[in-house]
S.K.: 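Please read through the structure below; I'll follow up with questions.
The residues of the chain are indexed from 1 along the displayed sequence. All values below were derived from every heavy atom in this structure, side-chain atoms included, with hydrogens, water molecules and symmetry-related copies excluded. Model, not experiment: these values are computed from the prediction.
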Amino acid sequence: MVSSRLASIPESTTMKISAMAKKLKAAGLDVIDMGLGEPDFDTPRNICEAAIKSLRRGNTHYVPANGIPELRTAIAEKLYDENGIEVSPDDVAVTPGAKMAIFVALQALLNEGEECVLIGPSWVSYEPCVNFAGGRVRWAPVNDEFMPSDLAGAITEKTRLILVNSPSNPTGAVFGRRVLEEVRDLAVDHDLFVISDEIYEKIIYEGVHFSIGAFPGMEDRTVTVNGFSKCYAMTGWRLGYVVAPPEIMRWVGRILSHSVSHAVTFVQWAGVEALRGPQDETGSMVAEFRARRDLLISGLRDIGIKCTLPGGAFYVFPDVSEYGGGDEFSSKLLSDVMVAVTPGSAFGPDGSDHVRISYATSQERLKEALDRMAGVLG
Ligand code: PMP
Ligand code: GLU
């Protein structure tokens, strides 16, 4: 029935688990959902007001496929000020969510059979997006701290690009300058592109965020992806962007114009406010995430679960091999104590000993989840 191109594409496990948890909740069960990576905070008020004002002004019509100039200008300025990336607004395309930004970037870059290197456990949608574009994933191994341990070994003559995601979903690892310089050197030596997914850039507790697109030698071979979902709690608004060299950008524009047309017009105006308005709410969210991370890590360690301290994002990725591995652990938690977490196997072959626990939930619920876990595992 379905095309052979699609036959190997799995459902998104994160979305599936979230739907399952919602269904159980709707049936009246007290599920604690730590499966989905979605901030539990409301979108800041000034951003909502900007969207409402925009609607009232009548911003309800088609706009250019790559986005309104006001937002592309705000993004280019942000990239210069915060990331050290110097681009013009024409090098930026606004997309309905960062997921679409990754999708179009891979469509533009990959030829049939070419390879994309993913570093260790990686976000659920990368491999399907590579496969949609006709490419294949090659996994580069990581060490106990989730840093690449043999990136060079993953490069073959078919490699077209390396995808980096720091802070990482699902591990929370933050790549320092040295790691990114290694990526840069390999990209330059082997003439590769790098896609840098920086959607968690501001949710960082240890270390500093570096944008590889700002490194000398990377100007013409980096595609930077970012979005508003995580740092501004705007998941449902569907707003992201992609920045790429002009040659790639031409094709990104064509793909958008023939598929989604563009991101929702009044949502783009809300994006202008997110970037240009006060930033203090992002700071408070990050402070709260840090407190939750500390609470969760110490609670898991008290139970006896091995856990690396994540430097960013809002996930912990503990090793649960002593409990039968990630698949068994997550189904036991859900069926026995109604705690939803994501099995690490969703994030690639190196993830199967792990589970991803999202701490985008209140401290009170985290404590309750830890009590439930201790009860079933202790
Ligand atoms: N990249 C990563 C690493 C993510 O965790 C997410 C979360 N869904 C996305 C991209 C896509 O975000 P969105 O499409 O909501 O902007
Ligand atoms: N990025 C989030 C997660 O990993 C949202 C769900 C998704 O888009 O996969 O859970």
Side-chain angles (χ1 to χ4, degrees), residues 43-51 53-54 57 59 63-98 100-102 104-105 164-167 180 194-204 208-234 237-250 252-253 256 262-286 312:
T43 304
R45 220 185 146 73
N46 60 309
I47 299 176
C48 297
E49 290 301 329
K53 272 196 202 138
S54 170
R57 280 201 309 270
N59 294 137
V63 291
N66 59 353
I68 57 172
E70 291 80 356
L71 181 55
R72 288 188 289 111
T73 303
I75 292 168
E77 284 174 19
K78 178 252 180 249
L79 287 165
Y80 183 72
D81 295 342
E82 295 182 0
N83 306 89
I85 298 176
E86 208 173 333
V87 287
S88 92
D90 290 342
D91 302 322
V92 177
V94 178
T95 53
M100 189 64 184
I102 293 159
V104 292
V164 291
N165 170 223
S166 171
L180 292 174
V194 170
I195 295 184
S196 180
D197 178 353
E198 307 190 1
I199 195 159
Y200 296 98
E201 65 169 338
K202 291 177 199 282
I203 306 175
I204 195 158
V208 188
H209 173 73
F210 292 103
S211 292
I212 193 168
F215 286 21
M218 290 306 291
E219 304 80 0
D220 297 333
R221 56 177 78 253
T222 309
V223 176
T224 303
V225 168
N226 208 329
F228 295 74
S229 286
K230 315 291 170 171
C231 298
Y232 297 100
M234 289 177 70
W237 297 70
R238 312 308 304 129
L239 193 63
Y241 54 92
V242 54
V243 184
E247 181 54 22
I248 306 294
M249 204 42 102
R250 264 195 23 227
V252 164
L256 290 171
H262 57 75
V264 173
T265 306
F266 51 87
V267 166
Q268 296 194 43
W269 284 101
V272 174
E273 174 61 21
L275 292 180
R276 296 219 191 269
Q279 301 293 308
D280 43 314
E281 283 200 49
T282 302
S284 332
M285 290 184 221
V286 175

S.K.: Side chain of N165, backbone of D197: donor and acceptor closer than 3.5 Å?
M.R.: yes
S.K.: Could you walk me through whether R57 and F266 pass the side chain to side chain contact (heavy atoms under 4.5 Å, CB included) check?
M.R.: CA-CA 9 Å; R57 280 201 309 270; F266 51 87; over 6 Å; no
S.K.: Does some side-chain heavy atom of P167 sit less than 4.5 Å from a side-chain heavy atom of K202?
M.R.: no
S.K.: Let's go through S211 and E198 carefully: what are the C-alpha distance in whole Å and the side-chain angles of both, what is the deciding distance for side chain to side chain donor-acceptor pair (under 3.5 Å) to 0.1 Å, and is it a yes or a no?
M.R.: CA-CA 8 Å; S211 292; E198 307 190 1; 2.7 Å; yes
S.K.: So how far is it from I212 CD1 to I85 CD1, rounded to the nearest 0.5 Å?
M.R.: 10.0 Å
S.K.: Identify the two heavy atoms, one from S88 and one from A76, that lie closest to each other, and give their separation to 0.1 Å.
M.R.: C-CB, 4.1 Å
S.K.: Would you give the length of the straight line joining atom CD of E82 to atom CD of E77, rounded to the nearest 0.5 angstrom?
M.R.: 11.5 Å
S.K.: Any ion pair linking K53 and E49 (charged N to carboxylate O, less than 4.0 Å)?
M.R.: no
S.K.: Determine the minimum heavy-atom distance between D220 and P245, stating which atoms define it.
M.R.: O-CG, 3.5 Å
S.K.: Nearest 0.5 Å please: distance from the CD1 atom of I199 over to the OG atom of S166.
M.R.: 13.5 Å
S.K.: Hey, does the side chain of Q268 reach the backbone of I68 with a donor-acceptor pair shorter than 3.5 angstrom?
M.R.: yes
S.K.: Hey, does the side chain of H262 reach the backbone of G67 with a donor-acceptor pair shorter than 3.5 angstrom?
M.R.: no
S.K.: Do NZ/NE/NH1/NH2 and the carboxylate oxygens of E281 and R45 come within less than 4.0 Å?
M.R.: no
S.K.: Any side-chain heavy atom of Q279 sitting closer than 4.5 Å to one from P44?
M.R.: no
S.K.: Evaluate side chain to side chain contact (heavy atoms under 4.5 Å, CB included) for V225 paired with S196, printing each intermediate quantity in order.
M.R.: CA-CA 6 Å; V225 168; S196 180; over 6 Å; no
S.K.: Nearest heavy-atom pair of V252 and A93: which atoms, and what distance?
M.R.: CG1-CB, 4.0 Å
S.K.: Flag the pair T282 / Y232 as yes when at least one side-chain heavy-atom distance between them is below 4.5 Å, and no otherwise.
M.R.: yes
S.K.: Any side-chain heavy atom of F228 sitting closer than 4.5 Å to one from I47?
M.R.: no
S.K.: So, E247 and R250, do they make that salt bridge, N to O below 4.0 Å?
M.R.: yes
S.K.: Checking side-chain contact (heavy atoms from CB on, under 4.5 Å) between V94 and each of I75, V264, N66, which is the one that passes?
M.R.: I75
S.K.: Find the distance between CD (E273) and CG (N46) and round it off to the nearest 0.5 Å.
M.R.: 4.5 Å
S.K.: Is it true that a side-chain atom of T43 and a backbone atom of C48 form a donor plus acceptor pair closer than 3.5 Å?
M.R.: no
S.K.: Any side-chain heavy atom of V194 sitting closer than 4.5 Å to one from R221?
M.R.: no
S.K.: For the residue pair L180 and F215, what are the closest heavy atoms and their distance?
M.R.: CB-CE2, 3.6 Å
S.K.: Any chance you could measure S229, atom OG, to R238, atom CZ, to the nearest 0.5 Å?
M.R.: 5.0 Å
S.K.: Can you see which heavy atom on G253 is nearest to which on A65, and at what distance?
M.R.: O-CB, 4.1 Å
S.K.: Return yes if some donor-acceptor pair links the side-chain N/O of T73 with the main-chain N/O of P69 below 3.5 Å, else return no.
M.R.: yes
S.K.: Charged N to carboxylate O below 4.0 Å: is that the case for E201 and K78?
M.R.: yes
S.K.: Going by heavy atoms in the side chains, are H209 and N83 under 4.5 Å from each other?
M.R.: yes
S.K.: Identify which one of V223, I248, T224 satisfies the side-chain contact (heavy atoms from CB on, under 4.5 Å) criterion when paired with V242.
M.R.: V223
S.K.: How far apart are the closest heavy atoms of I195 and A105, and which atoms are they?
M.R.: CD1-CB, 4.0 Å
S.K.: Salt bridge or not for D91 and R72, using N-O below 4.0 Å?
M.R.: no
S.K.: Does E86 reach the main-chain N or O of G84 with its side chain, forming a donor-acceptor pair under 3.5 Å?
M.R.: no
S.K.: Can you confirm whether L239 sits close enough to T95 that some side-chain heavy atom of one is under 4.5 Å from a side-chain heavy atom of the other?
M.R.: no
